[in-house]
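This report concerns only the one structure given below.
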Amino acid sequence: MKKIFYLFTFLIISSQNFAQTKNKQDTDESQPIVLGITDKLKSAELGETRTINIYLPEGYDKKDNTKYPVIYILDGGVEEDFIHITGIVRFNTQSWIARFPKSIVVGIENTNRRRDFTFAVPNLDFVEKMGFKKKSFPQYGGSDKYIAFLEKELQPYIDKKFNTSNHKTIIGESLAGLLATEILLKHRNLFDNYIIIAPSLWWGDQSLLAEAPKLLKAKDNKPVLVYIAACNKEEDKTMYDDAVSLSEMLKQNDEKNTKVYYDYIQNEIHSTVIHQGVYNAFKAFYPKTIYEK
């Protein structure tokens with residue numbers, strides 16, 4: 001009886017070990033889903049190293065001659081907007097949709113967006129009117145350095161490392177929308193498409209809006225496409241009014257070189273508007289899929 005008991009116990013243990021080994025082998029066959037790559041870029045302009053997330057389109061091959069447009073996301077961290085916007089790009093560029101060409105997506109991870117996305121102002125008295133406390137902005141006014149980083153370091157880095165075309169898009173929402181607007185008005189040639197969603201144009205007591213007509217008269221303003229979205233105006237009437245003012249100002253002062261698409265996304269609030277806004281922007285810029293052309 002003891003021999004039978006030991007044999008039975010041995011068989012149970014052996015079968016368990018086999019099952020565990022088999023399960024381990026099955027687990028080892030799993031593969032991660034790879035969305036992109038992450039680089040570290042040391043910036044002299046910013047005085048720090050920045051994390052850059054990069055999506056390369058399906059079929060990308062550094063060795064071939066295909067050139068790809070580049071889409072830059074200002075709030076481009078993995079825990080920010082990189083993943084869901086990359087999903088929109090991948091969806092729209094699949095062969096059975098082909099709304100626009102396959103594109104490289106570059107997401108810039110933030111370290112201090114309130115510092116980087118705002119321009120210099122003489123004081124912070126205006127922030128209290130928007131419901132913020134001055135101490136919420138211990139650092140601010142660094143947009144000049146950030147724009148220099150985009151122009152002198154990041155864009156050349158991406159162009160050197162990857163097969164890029166000359167066509168570039170920038171996406172910014174909220175404070176990043178403020179920065180995208182500043183680039184549009186002061187450094188327009190950096191991008192061809194501007195996607196500006198619920199921009200924080202209240203910064204500086206709407207001073208950028210006040211400067212806009214003069215800035216739009218610059219002779220070197222190349223043609224660009226601009227999408228501007230506002231979310232539910234009941235949430236924040238000031239931001240709604242500012243988005244409307246920006247779109248009207250662009251239409252009135254630079255109709256020749258600026259094609260403006262204004263979009264009121266009434267059923268979205270500030271925290272949810274960006275995904276729908278980006279999808280709508282690409283649809284506005286490229287209204288037809290491959291089967292509709």
Side-chain angles (χ1 to χ4, degrees), residues 30-39 51-62 64 66-110 154 158 161-174 176-177 180 191-199 224-232 259-293:
S30 299
Q31 296 294 326
I33 296 174
V34 179
L35 182 64
I37 59 176
T38 296
D39 281 0
T51 298
I52 311 298
N53 300 306
I54 303 158
Y55 162 77
L56 299 174
E58 185 179 1
Y60 177 87
D61 186 348
K62 177 68 175 176
D64 68 30
T66 305
K67 303 293 184 182
Y68 297 90
V70 185
I71 298 166
Y72 289 84
I73 308 171
L74 292 173
D75 290 315
V78 170
E79 300 299 329
E80 297 173 302
D81 297 319
F82 178 73
I83 292 177
H84 75 91
I85 290 179
T86 295
I88 294 174
V89 173
R90 185 174 176 85
F91 172 78
N92 275 292
T93 57
Q94 292 176 108
S95 60
W96 57 91
I97 297 175
R99 186 179 297 279
F100 55 90
K102 289 183 178 182
S103 304
I104 297 170
V105 181
V106 177
I108 311 152
E109 191 166 303
N110 281 308
L154 182 58
I158 296 296
K161 187 168 183 178
F162 303 103
N163 296 342
T164 64
S165 71
N166 292 325
H167 194 275
K168 298 177 176 66
T169 297
I170 187 171
I171 299 173
E173 187 260 350
S174 193
F191 298 95
D192 303 276
N193 292 348
Y194 287 81
I195 298 176
I196 301 170
I197 301 171
V224 293
L225 300 180
V226 181
Y227 169 90
I228 300 168
C231 55
N232 191 298
K259 175 64 175 176
V260 181
Y261 301 87
Y262 171 74
D263 191 8
Y264 177 40
I265 310 179
Q266 186 175 4
N267 61 339
E268 301 290 350
I269 60 175
H270 193 78
S271 60
T272 65
V273 69
I274 184 169
H275 188 85
Q276 190 62 54
V278 171
Y279 184 87
N280 290 358
F282 285 127
K283 193 171 182 179
F285 293 163
Y286 311 99
K288 295 184 179 181
T289 69
I290 192 171
Y291 291 109
E292 298 170 310
K293 294 176 181 177

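When reading the values below, keep in mind they use all heavy atoms of this one structure, side chains included, and skip hydrogens, waters and symmetry mates.
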Indicate yes or no: at least one non-hydrogen side-chain atom of [X] is less than 4.5 angstrom from one of [Y].
X      : Y      : result
Phe162 : Val70  : no
Ile71  : Phe100 : yes
Thr38  : Phe82  : no

Specify the closest pair of heavy atoms between [X] and [Y], including all atoms of both residues, with the distance to one decimal.
X      : Y      : answer
Ile274 : Glu173 : CD1-CB, 3.7 Å
Glu80  : Asp75  : CB-O, 3.3 Å
Ala284 : Tyr227 : CB-CD1, 4.5 Å
Thr93  : Pro101 : CG2-O, 3.3 Å
Leu74  : Ala176 : CD1-O, 3.4 Å
Asp64  : Asn163 : O-ND2, 3.3 Å

(request) Kindly indicate, with the supporting measurements, whether the criterion side-chain contact (heavy atoms from CB on, under 4.5 Å) is fulfilled by Glu58 and Arg90. (result) CA-CA 9 Å; Glu58 185 179 1; Arg90 185 174 176 85; 3.7 Å; yes
If you measure from [atom1] on [X] to [atom2] on [Y], what distance do you get to the nearest 0.5 Å?
X      : Y      : atom1 : atom2 : result
Ile104 : Thr164 : CD1   : OG1   : 6.0 Å
Thr86  : Leu56  : OG1   : CG    : 10.5 Å
Asp263 : Ile195 : CG    : CD1   : 11.5 Å
Asp81  : Ile73  : CG    : CD1   : 7.0 Å
Ile52  : Leu154 : CD1   : CG    : 5.0 Å
Thr66  : Tyr68  : OG1   : OH    : 4.5 Å

Answer yes or no: is there a donor N or O on one side and an acceptor on the other, between the side chain of [X] and the main chain of [Y], under 3.5 Å?
X      : Y      : result
Tyr261 : Lys283 : no
Lys62  : Lys161 : yes
Gln276 : Val273 : no
Thr272 : Glu268 : no
Asn53  : Gly76  : yes
Arg99  : Pro287 : yes
Lys168 : Tyr72  : no
Thr169 : His167 : no

(request) Please work out whether the ring planes of Phe282 and Tyr286 are parallel, tilted or perpendicular, with thresholds of 30° and 60°. (result)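 Judged by the thresholds at 30° and 60°, the geometry between Phe282 and Tyr286 is parallel.
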(message) Students often mix this up, so state it plainly: with edges at 30° and 60°, are the rings of Tyr279 and Phe91 parallel, tilted or perpendicular?
(response)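 Aromatic pair Tyr279/Phe91 classed tilted.
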(request) Begin from the C-alpha positions of Thr51 and Val78 and carry the test side-chain contact (heavy atoms from CB on, under 4.5 Å) through to its verdict. (result) CA-CA 10 Å; Thr51 298; Val78 170; over 6 Å; no
(message) For Lys288, is the NZ atom crowded, meaning more than 12 foreign heavy atoms sit under 6.0 Å from it?
(response) no
(request) Take atom CG of Asp61 as the centre, draw a 6.0 Å sphere, and report whether it contains more than 12 heavy atoms from other residues, nucleotides or ligands. (result) yes
